[in-house]
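Worksheet for the structure shown next.
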2 protein chains.
Amino acid sequence: MVNKEEIRKRIISTARDIFGRYGFRKTTMEEIARELKMGKSSIYYYFKSKEEIFEAVVRYEANLLRSELTRAIKAVDSPVDKMKNYVRVRMKAFEKLSNYYNAIFDKNLDHFDFIEKIRAKYDLEELAILRLILYDGNRKNVFRVKNSEYMAMAIQTAMKGFEVPLFWKKKEIDVEDRVNAVLDMLFYGILRKE
Amino acid sequence: MVNKEEIRKRIISTARDIFGRYGFRKTTMEEIARELKMGKSSIYYYFKSKEEIFEAVVRYEANLLRSELTRAIKAVDSPVDKMKNYVRVRMKAFEKLSNYYNAIFDKNLDHFDFIEKIRAKYDLEELAILRLILYDGNRKNVFRVKNSEYMAMAIQTAMKGFEVPLFWKKKEIDVEDRVNAVLDMLFYGILRKE
DNA sequence: AATTTTTTAGAATATTCTGGTCGATTATTC
DNA sequence: GAATAATCGACCAGAATATTCTAAAAAATT
């Protein structure tokens with residue numbers, strides 16, 4: 001008897017590569033099966049449908065994004081550096097988490113319930129992280145933000161706005177330049193002027 | 001009345017991008033049309049079929065390869081430098097001419113007559129270029145090749161052999177390292193030992 | 001060794017997708 | 001205004017693919 005969870009993880013990992021390359025619709029179950037060296041119907045033993053596999057992939061990538069964000073925030077002490085790392089991780093996520101972003105932006109996938117749920121959950125977590133950064137910055141007298149809650153939401157919304165051109169233009173934009181531009185804009189607005 | 005040739009070129013260029021990204025089979029006429037902001041059946045006014053468009057794209061890329069090869073050879077005088085440039089252009093072609101190489105390696109496209117024709121034509125042209133380089137090298141006493149004809153064919157065959165891992169591994173290989181390795185191998189065999 | 005359970009996969013089925021055509025419409029030219 | 005060129009959404013036949021079926025193999029249990 002094989003380890004069911006292990007097999008599921010293998011399927012998710014392989015499917016993620018192929019979905020990432022071709023997108024949900026152009027990826028076939030036959031392709032995933034071939035890459036796994038399994039029969040196509042064997043996959044249905046572990047997953048109910050193609051959509052369920054895609055949901056698992058997107059969920060996996062949302063978790064990856066949260067983990068990476070958390071790790072990057074914890075790696076530095078200064079609220080300014082925390083904010084820099086937040087922006088950097090956010091901007092670079094496009095390359096590594098293409099399924100997550102495809103799920104969000106691809107109109108053809110709008111009928112998938114799970115996408116909105118996953119994003120909502122992720123957004124709440126990100127908001128909590130942002131609030132902590134702002135609160136910490138205020139406490140250390142580095143930021144001057146009256147309402148961390150509102151500001152966190154504003155920053156998150158702005159970051160989402162920056163995602164859009166990144167998605168459509170696909171790597172034609174130098175991400176590092178973008179990161180710096182976003183940070184300049186952000187800090188002039190919230191960095192304490194002394 | 002619009003310029004028919006201009007429209008055809010626009011279609012080829014746009015189709016090339018999409019074919020390059022998804023391959024012949026996964027690309028749909030609907031996608032090409034949408035990217036061109038045309039109706040799908042409008043494309044059939046300019047091309048007989050999807051296959052005919054793909055043939056035009058592959059032919060275009062073969063021409064591009066030949067042009068680039070010719071330009072690179074002419075840019076230098078030394079036979080050694082010419083051979084270096086030949087290898088370099090050949091190796092780097094993968095990134096820019098994905099349709100041409102897909103057409104060659106993708107078994108699913110074997111039934112397309114035109115692919116073999118285009119490749120045969122290109123190969124003859126490349127052979128002529130190689131023969132000239134070898135002849136020139138012999139004349140300038142830099143190479144010592146008894147039969148330029150056979151050596152040219154051997155080099156071309158070897159280069160084709162090197163293409164295969166490049167194709168399957170897709171950018172996991174550092175091309176520049178490969179170029180240098182190929183050149184070392186080639187020159188130790190034909191560079192005059194003094 | 002026999003039986004049961006788990007896992008497997010090719011074939012079949014149901015459903016969706018797509019290449020290509022049709023006929024109507026619009027734009028352009030004469 | 002007529003003829004020609006260019007346009008495109010609707011449509012269809014056939015291809016492609018998601019999913020199910022069912023039998024067989026493998027693994028686990030008795």
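Order of the sequence lines sets the chain letters (A, B, ...), proteins ahead of strands, with each chain counted from 1. In this text, all values refer to a predicted model and were calculated from it rather than measured experimentally. All heavy atoms count here, side chains included; hydrogens, waters and symmetry mates do not.
Distance, A/Ile7 CD1 to C/dT6 C1': 12 Å, rounded to whole Å. For the pair A/Arg34 CZ and D/dA18 P, the computed distance is 12 Å after rounding to whole Å. Atom CD of A/Glu5 and atom P of C/dT7 are 12 Å apart (whole Å). Distance, B/Phe24 CZ to C/dT18 P: 13 Å, rounded to whole Å. Rounded to an integer number of Å, the gap from B/His111 NE2 to C/dG19 P is 13 Å. Residue A/Arg25 contributes atom CZ, which lies 5 Å from atom P of C/dC17 at whole-angstrom precision. Regarding A/Lys26, its NZ atom lies at a distance of 11 Å from the C1' atom of C/dC17, rounded to whole Å. Put simply, CD1 on A/Ile18 is 13 Å from P on D/dT17, counting in whole angstrom units.
Note on ring orientation: taking the six-membered ring where Trp is involved, the planes of A/Phe19 and A/Phe54 are perpendicular (angle over 60°, cut-offs 30° and 60°).
For B/Tyr46, whose side chain is taken as the heavy atoms from C-beta onward, the closest listed nucleotide among C/dG20, D/dT19, D/dA6 is D/dA6. Checking D/dC8, D/dT17, C/dT7 against every side-chain atom of A/Thr28, the shortest atom distance belongs to D/dT17. Here the nucleotide nearest the side chain of A/Met29, chosen from C/dG20, D/dT7, D/dA18, is D/dA18. Distances were taken from every side-chain heavy atom of A/Ser41 (C-beta onward) to each of D/dC21, D/dT19, D/dC8; the shortest belongs to D/dC21. Residue B/Tyr44 has its side chain nearest to C/dG19 when only D/dC8, C/dT8, C/dG19 are considered. If you check C/dT6, C/dG20, C/dC22 against the side chain of B/Ser49, the one that comes closest is C/dG20. The side chain of B/Lys4 sits closest to D/dA6 out of D/dA6, C/dA9, C/dT21.
With hydrogens and angles ignored, no donor-acceptor pair closer than 3.5 Å exists between the side chain of A/Lys40 and the base of C/dG10.
Heavy-atom contacts from other residues, nucleotides or ligands closer than 6.0 Å to CD of A/Glu35 number 12 or fewer.
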Give the C-alpha distance, both sets of side-chain angles, the deciding distance and a yes or no for side-chain contact (heavy atoms from CB on, under 4.5 Å) between B/Met38 and B/Tyr46.
CA-CA 12 Å; B/Met38 285 172 80; B/Tyr46 298 95; 3.9 Å; yes

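The side chain of A/Tyr45 places no N or O atom within less than 4.0 Å of a non-bridging phosphate oxygen (OP1 or OP2) of C/dT8.
A salt bridge links A/Glu125 with A/Lys121: the closest approach of a Lys/Arg side-chain nitrogen to an acidic carboxylate oxygen falls below 4.0 angstrom.
Here B/Tyr100 and B/Tyr60 keep their ring centres 6.0 angstrom or further from each other.
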